[in-house]
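When reading the values below, keep in mind they use all heavy atoms of this one structure, side chains included, and skip hydrogens, waters and symmetry mates. Proteins come first, then strands; the chains are lettered A, B, ... in the order of their sequence lines, and each starts at number 1. Note that this is a predicted model, so its numbers are computed, not measured.
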Amino acid sequence: MKEHLNLLKTDFSMKAHLSEKEPELNRYWSEKEIYKKIIEKNKTGKKMILHDGPPYANGHIHIGHALNKLLKDIINKYYWAMGYHFPYLPGWDCHGLPIELKIKNENDTEDIFEFRKRCREYAKKYIDIQRDEFKRLGILADWEDPYTTMDYNYEADILKAFNEIYKKGFITRGRKPIHWCPSCKTALAEAEVEYQDHTSPSIYVKFKVTGKENLFAVIWTTTPWTLPANLAVSIHPQYIYHIVRVKNEKWIIARDLVEKSMKEMEIDKYDILEEKKGKEFEGMTYEHPLMDKVCPIVFGEHVTLEQGTGCVHTAPGHGADDYQIGKLYGLEIFAPIDNKGCYTDEYPEFEGVNVFDANPLIVQKLNKKGILIKERKITHSYPHCWRCHNPLIFRATPQWFIDTRVPELKGKVIKFAKDTRWIPKWGEIRFSNMIENRIDWCISRQRSWGVPIPSRVCEDCGEEFIDENFNEDLIEKIRERSSDIWFKEKISELTDRIVKCPKCGSNHIVKGENILDVWFDSGVSWYAVVKEKMGEDIPVDLYLEGSDQYRGWFQSSMWPSAIINGSAPYKKVITHGFSLDENGRPMSKSVGNVISPNKVVKKYGAEILRLWVSSIDYTEDFRFSYNALNQMVDAYKNIRNKIRFILMNTQDFDPKNDNVHYSKLETIDKWALYQLSVLINKIDKAYKNYEFHQIHHLIIDFVTVILSSLYFDMIKSRLYTDPPGSRARRSAQTVLYSIVNYLTQRLSPILSFTMEEVFLYLTHERESIFFKVWEQVPEEWGKWDDEYDLLFNMREKAEKELENLRAEKKIGLSLDAQINIYYKNDSIKAIFDKFDLEEFFIVSKVTVIKDNTLGEVYKIEIKKATGEKCARCWKYKSDLDENGICSDCRTQIKNWKKED
RNA sequence: GGGCCUCUAGCUCAGUUGGUUAGAGCGCGCGCCUGAUAAGCGCGAGGUCAGUGGUUCAAAUCCACUGAGGCCCA
């Protein structure tokens, strides 16, 4: 009997064996040069560019990298399938402090050239590691020729962009306070600062407010040596301040700090005279405590009520907050301290005195002037040099800047931000707020692993200068020999031009010692990569990075582009959130809650990770856990099994010869195509809007409800028992084939490995699913009469009744039952006639009965089927033969034709 | 402390301009099937929509505040 049943087998396995199959497919894609061929194939298509933001070439990839690249991969594959010319050139960020520190820790060398060589090798090593890890995830890209910021050409183009900005007048010279070690005479990055306990003087000083009788602002500081550089007193505009009477003087102190500070100043007799809001001190000035000048009282949001007096001594040359305030109020960034930590002639009185030695002298002087209120000692955590362990100072030093405050430029950038399409929408607000509030961009670093700022310094007068012609000579040399030459060669080797100091005319000129901020490196990637390397236009279509890049790359790319191009570097910016652990906490090595993508790939397969990426709304922060991955494993199996069912049942189906025309399909088959067309249209819309989690849920729902629980279940009997080549069976197969065809297309950006596997299984004509331009669904599939949905409601009710019979042990399979349907209106009867109701309800018999007395629209009655169970179709019939086979089955067997 | 964002069943997500008993899939529980079988089907239990207060005839949806959390600053 079984020979007259279509019980087909497939070697498309139920188990995926992802960890073995994925590497095979990766090799296949590499060998066949799939990426290259896609780009070649779409060469005449509409051009679009997603410009890859470069991850830092350090360490293995983490989940954030994986998510970022996988989202890009989904987008790439989507645009490829839409026929776009959409090249994807990945890149790496190579210069910068983390690598520098790593190399310094490993094996210090005095030879800067050797040192940079090691940095370069280190970056190279991790580029290779990360590239392999990305490739393993199934990401198709131009992996053979990625861009790196240490590439000779890239380095040259950094300076080319720099020179263009310089020529437009936006590179300026200024000062900015940084951590400085007076004993090593060197600048330190935050990462090189160690905090240790240190004992400092703690002093309260009163500054005489000008034009007011006996009114003083009381400040507190632990660095008396910075008082000569004092240029303002900061007050919080929102805080409440008290005017406190002490003897015959009036002191300004923040209300909440009066008690505490009075105690510390050991003053027990005082009265509160008045209460004022910080704002009310607007426009006031005071006499400088040490110099003969008048300084302003300014507003600062950095003022706190934790310690001190709420009136904060502000020296823009000696503090980070102070610097911000200084910039905001246009104060001088004044720091009369040299690189040994001694006063310069800008403070002649103490010229040559070391700042730490100067502390008591300053205190003495304040005391003499009668403005010192109290001196104590304080032991607090203070920055020290990680090398020599001596205390550091914060000192303004000459730096190079891009002047981002020029109103015209800032206005342009705000407009560009407005014209950019941000996904999610609030990106514009977040970005614009940052633009509004930002001060100059300091682009110089006192470091070695990076691209040099091509400045030169006059040994005679100290002038540091930049020259555009010299820059051009240098750029070409760097293009040939990398930026190493700056550190290796003398100036005369870098240019043929005669060099003289533009200020004093001296010819004793040496190279400057600054490198560029690495944010500048990556910030001009649109220039070095898109414009120079790829020869494409700016702005590019799309940037896609984590939301931390509003501050980072989106800005560092915007400013140079706004200056050089007079446009934004991008048209559209998509951001994704950050990975949190199961409990919503950030993943960190120290907490030990990190799940690395490499581990996931090993344990589950890249496909599971890809499916997970598609399941979340990436615009927000997302939780990542083994729990979530296990859920993806189930979802994956779910999809895979549905596809397997189709592959199994279309084994003997050749779409070229066996396809049944739409008009000849069974109604339920048309319904399946209708559902498919709805699905595909929704999916395509979601792709267009980059809402991949919609696709994920749409597909899971479709596959579980529409396919598995409804359609497959209904047509099983037809597939198994109808003669192989019969119209009815071919009708179902035609639909199944369409479903798998469309599903593999639409799923290929997400489940790339599996869909390629299915594609290769299904057809041997083409080399890859990724060569396929997606088909749109025929319009006629969208036709469906809503009235038919009545049947599906009936079916739901029937299922509940069947469940009751099952509970009463009267039936097992639904085929063990039969249904009577009572109706009143002929319009309903017309619906019934369109369907094979036995198939629809999966029962042995459906009897449709007209009943004019019926109150409701219809009524169903279910009972155990009468007759005997046919051994072949499992329906209950009254016409079984001696083999236990019903007459319908006998006919089917008679019409059975062997496939050739 | 500031800018921006999030909070709907155990998990991942839907919930149109405020309008019936807040939905889906997974997971879970119970049952069925053994011609998708390390599969398949059915039924069911899960939610004071973070909390509080307000606007409204009506709020998951609008407003305010609080709480928890994230990114970036300070």
Side-chain angles (χ1 to χ4, degrees), chain A residues 1-2 5-10 12-15 64 236 238-239 300-306 320-321 324 424-438 546-552 555 575-580 582-586 611-612 614-617 619-623 625 627-635 637-638 640-649 691 693-694 696-705 707-710 712-714 716-717 719-721 796 798-807 809 811-816 842 872-874:
Chain A
M1 182 187 74
K2 297 250 170 180
L5 279 173
N6 303 299
L7 300 177
L8 305 176
K9 290 259 189 287
T10 174
F12 185 87
S13 63
M14 188 179 280
K15 223 176 162 226
H236 199 295
Q238 308 305 334
Y239 290 169
E301 308 274 334
H302 68 290
V303 175
T304 70
L305 296 173
E306 271 155 38
D321 289 328
Q324 298 277 338
K425 272 208 204 70
W426 48 258
E428 187 206 327
I429 301 167
R430 182 164 176 179
F431 189 79
S432 300
N433 282 346
M434 284 175 172
I435 298 296
E436 294 275 8
N437 296 324
R438 89 157 289 154
S547 58
D548 52 340
Q549 300 304 334
Y550 286 108
R551 175 75 198 181
Q555 266 205 57
T575 61
H576 57 78
F578 274 74
S579 63
L580 309 171
E582 204 156 8
N583 304 312
R585 300 283 158 182
L611 193 58
W612 170 78
S614 78
S615 78
I616 57 164
D617 177 359
T619 61
E620 293 166 16
D621 292 342
F622 43 86
R623 296 181 183 206
S625 64
N627 189 20
L629 287 168
N630 287 328
Q631 193 175 319
M632 288 310 120
V633 171
D634 288 333
K637 283 187 195 160
N638 192 349
R640 186 178 177 91
N641 267 320
K642 305 320 178 251
I643 288 174
R644 181 171 178 272
F645 179 85
I646 296 179
L647 295 180
M648 196 153 80
N649 285 291
E691 293 170 336
H693 68 290
Q694 305 282 12
H696 177 99
H697 287 101
L698 281 167
I699 287 183
I700 296 274
D701 278 13
F702 178 79
V703 138
T704 55
V705 180
L707 293 188
S708 192
S709 138
L710 294 172
F712 288 177
D713 222 27
M714 289 177 188
K716 263 195 290 201
S717 172
L719 287 169
Y720 298 153
T721 63
E796 248 176 76
E799 290 288 4
K800 292 205 166 113
E801 301 245 355
L802 286 166
E803 189 58 26
N804 290 338
L805 290 182
R806 224 168 260 140
K809 300 283 173 203
I811 61 162
L813 279 175
S814 60
L815 279 176
D816 300 343
I842 321 180
R872 184 167 175 275
C873 68
W874 295 349

Which part of the nucleic acid, if any, lies within contact of [X], taking any heavy atom under 4.0 Å across all strands shown: a base, the sugar-phosphate backbone alone, or nothing?
X        : result
A:Ile616 : sugar-phosphate
A:Asp617 : sugar-phosphate
A:Glu799 : sugar-phosphate
A:Met434 : sugar-phosphate
A:Lys15  : nothing
A:Asn641 : base
A:Phe712 : base
A:Arg872 : base
A:Phe645 : base
A:Lys425 : nothing
A:Leu7   : base

CA sep, side-chain torsions, deciding dist, call: A:Trp612, A:Gln631, side chain to side chain contact (heavy atoms under 4.5 Å, CB included): CA-CA 9 Å; A:Trp612 170 78; A:Gln631 193 175 319; over 6 Å; no
Atom pair distance, as rounded to whole Å: [atom1] in [X] and [atom2] in [N]:
X        : N      : atom1 : atom2 : result
A:Asn627 : B:rC28 : CG    : C1'   : 13 Å
A:Glu803 : B:rC43 : CD    : C1'   : 4 Å
A:Ile699 : B:rU12 : CD1   : C1'   : 15 Å
A:Leu629 : B:rC11 : CG    : P     : 15 Å
A:Arg438 : B:rA74 : CZ    : P     : 10 Å
A:Leu802 : B:rC33 : CG    : P     : 13 Å
A:Met648 : B:rU37 : CE    : C1'   : 9 Å

Could you give the distance separating [M] and [N] at their [atom1] atoms, to the nearest angstrom?
N      : M      : atom1 : value
B:rG25 : B:rU8  : C1'   : 15 Å
B:rG53 : B:rC43 : C1'   : 42 Å
B:rG42 : B:rA60 : C1'   : 32 Å
B:rC71 : B:rA14 : C1'   : 26 Å
B:rU6  : B:rC49 : C1'   : 14 Å
B:rC32 : B:rU16 : C1'   : 40 Å
B:rG18 : B:rU56 : C1'   : 9 Å
B:rG15 : B:rC7  : C1'   : 16 Å

With hydrogens left out and only the distance checked, is there a donor-acceptor pair under 3.5 Å joining [X]'s side chain and the base of [N]?
X        : N      : value
A:Arg430 : B:rC71 : yes
A:Ser708 : B:rA36 : yes
A:His697 : B:rU12 : yes

Scan every strand shown for a Watson-Crick or G-U wobble partner of [N], both distances under 3.5 Å, and answer none if you come up empty.
N      : value
B:rU17 : none
B:rG47 : none
B:rG42 : B:rC30
B:rA58 : none
B:rU52 : B:rA64
B:rC4  : B:rG70
B:rA24 : B:rU12

Side chain to side chain, A:Leu5 and A:Thr721, heavy atoms closer than 4.5 Å: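 Yes, close enough: below the 4.5 Å cut-off.
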Phosphate contact ([N] OP1 or OP2) by [X] side-chain N/O below 4.0 Å:
X        : N      : value
A:Arg551 : B:rG3  : no
A:Arg585 : B:rG69 : yes
A:Ser814 : B:rG42 : no
A:His302 : B:rC73 : no
A:Lys642 : B:rA36 : no

Where the side chain of [X] is defined as all heavy atoms beyond and including C-beta, which of [options] is the nearest nucleotide?
X        : options                : result
A:Tyr720 : B:rG35, B:rC4, B:rU12  : B:rG35
A:Glu620 : B:rG25, B:rU6, B:rG40  : B:rU6
A:Asp713 : B:rA68, B:rU12, B:rC41 : B:rC41
A:Lys637 : B:rG69, B:rA39, B:rC11 : B:rA39
A:Trp426 : B:rG44, B:rC4, B:rG70  : B:rC4
A:Thr704 : B:rG25, B:rC5, B:rC32  : B:rG25
A:Pro586 : B:rC41, B:rG70, B:rC73 : B:rG70
A:Ile429 : B:rA14, B:rA36, B:rC4  : B:rC4
A:Ser615 : B:rU12, B:rA74, B:rA38 : B:rU12

In B:rG29, glycosidic geometry as syn within 90° of 0 or anti otherwise: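 B:rG29: anti.
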Lys NZ or Arg CZ of A:Arg640 over A:Phe12 ring: under 6.0 Å, within 45°: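 Yes, A:Arg640 sits over the ring of A:Phe12.
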With distance as the sole test, does [X] use its side chain to make a donor-acceptor pair with the main-chain N or O of [Y] at under 3.5 Å?
X        : Y        : value
A:Asp621 : A:Phe578 : yes
A:Arg623 : A:Glu582 : yes
A:Asp701 : A:Leu698 : no
A:Ser614 : A:His696 : no

Pair A:Lys642-A:Asn638, side-chain donor/acceptor within less than 3.5 Å: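 On atom types as modelled, these side chains qualify, holding a pair under 3.5 Å.
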A:Glu803 bridged to A:Arg806 by N-O distance under 4.0 Å: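 The answer is yes: the pair qualifies as a salt bridge.
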Presence of salt bridge, A:Asp548 and A:Arg551, under 4.0 angstrom: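 So A:Arg551 does not pair with A:Asp548 through a salt bridge.
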Ring centroids of A:Trp874 and B:rG35 base under 5.5 Å with planes under 30°: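 Whether judged by distance or by angle, A:Trp874 passes, so it stacks on the base of B:rG35.
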